[in-house]
Amino acid sequence: MKIWGRKGAGAPRWMTTFADLMAVLVVFFVMLYSMSTIDNLRYQQMADSLREVLGPSAVGDDTPRPAPSVVDLDGDFASIERPQINDIDQPEYTQLDEIRDALREALADDIEDGVIQLGEDDEGVLLRFEDHAAFELGRKELQDDFLPVLERIAGVLAETPGIIRVAGHTDDLPIQTDRFRSNFELSSARAVSVVHVFEESGLPSRRMVAQGHADTRPLVPNTSDENRAKNRRVEVVLTEAPEDTSE
């Protein structure tokens, strides 16, 4: 006798696929849990090994870092703490009179010949020289015979505190060449050339500021060739060192 039974006896086929999917999900979540739990001892050993091979910067370090500075836009700019610009522990010349006397001694011949003018302004000690003493017409490169003068100046300024401001000036005749689009570019370039000589002579760059004023600050009216020659100049001003308010 032929017995007829149910066709495909057992669990439905979709149950097999569902069971496989659940097994995969269980393994996945177990793996996530194991990755989220860190063995501190093993992590420290691994970090130490990386430091030895790649250096301290390869792994996060516990060394405290300085907090970023914050500028108070609503407050007084003068109240913002500034880095000290005097790199000398015990400068030899600290008073303006001492600095002037030292410069006068170092530049005695140059002052006598009229190459350098020594004086003072509202900011501090002032050194001034006309452009023809240091530069060729319309150029920014310093002439070789003027370099020793700047080196003597740098030698004295290296023993002083304060900021060294170098400012270039021109007359009112406009310049427009392939190298300089305006008198502002020429005066700025000449100031930078002087700063570079000071740097090469040992003065730290953080003490110096280069400025270009073009013809905006004439000494005398630009009414003659003689007056224009006086206005074409470079000025080096040593300002007084700011008071140390860190204590």
Side-chain angles (χ1 to χ4, degrees), residues 82-89 91-93 99-100 102-111 113-121 123-171 175-219 229-242:
R82 295 173 176 81
Q84 294 301 306
I85 53 175
N86 178 24
D87 294 326
I88 309 172
D89 294 333
E92 184 175 352
Y93 312 112
I99 297 171
R100 274 196 304 270
L103 287 169
R104 186 175 291 110
E105 181 179 352
L107 302 169
D109 294 338
D110 305 299
I111 295 174
D113 295 340
V115 176
I116 292 285
Q117 299 176 27
L118 173 62
E120 62 180 84
D121 65 1
E123 295 183 80
V125 178
L126 169 67
L127 289 166
R128 177 185 296 138
F129 55 90
E130 296 180 5
D131 70 332
H132 65 81
F135 304 96
E136 294 183 5
L137 184 64
R139 300 183 67 86
K140 68 173 184 177
E141 291 81 13
L142 286 157
Q143 300 187 70
D144 292 340
D145 57 356
F146 193 75
L147 296 180
V149 179
L150 294 179
E151 291 168 357
R152 287 194 290 273
I153 295 173
V156 176
L157 297 183
E159 297 296 333
T160 66
I163 301 173
I164 302 164
R165 180 173 58 82
V166 182
H169 302 264
T170 67
D171 58 25
I175 183 174
Q176 186 172 7
T177 65
D178 293 338
R179 302 186 66 186
F180 305 109
R181 293 177 296 176
S182 67
N183 284 333
F184 277 106
E185 283 196 3
L186 176 60
S187 59
S188 300
R190 286 179 168 177
V192 170
S193 295
V194 174
V195 166
H196 285 168
V197 175
F198 285 167
E199 281 185 311
E200 293 169 0
S201 300
L203 288 173
S205 58
R206 65 174 60 88
R207 289 189 60 194
M208 292 183 285
V209 177
Q211 300 174 332
H213 297 298
D215 62 327
T216 60
R217 301 183 182 183
L219 291 176
K230 293 179 180 179
N231 290 330
R232 296 192 301 268
R233 68 199 189 277
V234 173
E235 295 178 340
V236 179
V237 179
L238 175 65
T239 66
E240 293 188 67

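Numbering of residues begins at 1 and proceeds along the displayed sequence.
- With rounding to the nearest 0.5 angstrom, the NE2 atom of H169 is 12.5 Å from the CG atom of N183.
- For S193 (side chain) and L142 (main-chain N/O), no donor-acceptor pair under 3.5 Å exists by modelled atom type.
- The minimum heavy-atom distance between K140 and F180, with the atom names listed, is CB-CZ, 3.9 Å.
- S187 contributes atom OG, which lies 13.0 Å from atom CZ of R232 (distance to the nearest 0.5 angstrom).
- Residue pairs satisfying the salt bridge (Lys or Arg N to Asp or Glu O under 4.0 Å) criterion with at least one member in residues 181-205, sequence neighbours excluded, are listed as follows: D131-R190, R181-E185.
- For R207 (side chain) and G162 (main-chain N/O), a donor-acceptor pair under 3.5 Å exists by modelled atom type.
- Using a distance-only test at 3.5 Å, with no hydrogens or angles considered, a donor-acceptor pair links the side chain of D121 to the main chain of E123.
- The number of heavy-atom neighbours closer than 6.0 Å to CD of E105, taken from other residues, nucleotides and ligands shown, is 12 or below.
- Partner of D110 under the salt bridge (Lys or Arg N to Asp or Glu O under 4.0 Å) criterion, chosen from R104, R152, R128: R152.
- T239 places a side-chain N or O within donor-acceptor distance of the main-chain N or O of I163, the cut-off being under 3.5 Å.
- Applying the side chain to side chain donor-acceptor pair (under 3.5 Å) criterion to H196, with sequence neighbours excluded, gives no partner residue.
- Although no hydrogens or angles enter the test, the distance criterion places no donor-acceptor pair under 3.5 Å between the side chain of D215 and the main chain of T170.
- The two atoms that bring I175 and G138 nearest to each other are CD1-CA, 4.4 Å, heavy atoms only.
- Around atom CG of D144, no more than 12 heavy atoms belonging to other residues, nucleotides or ligands sit under 6.0 Å away.
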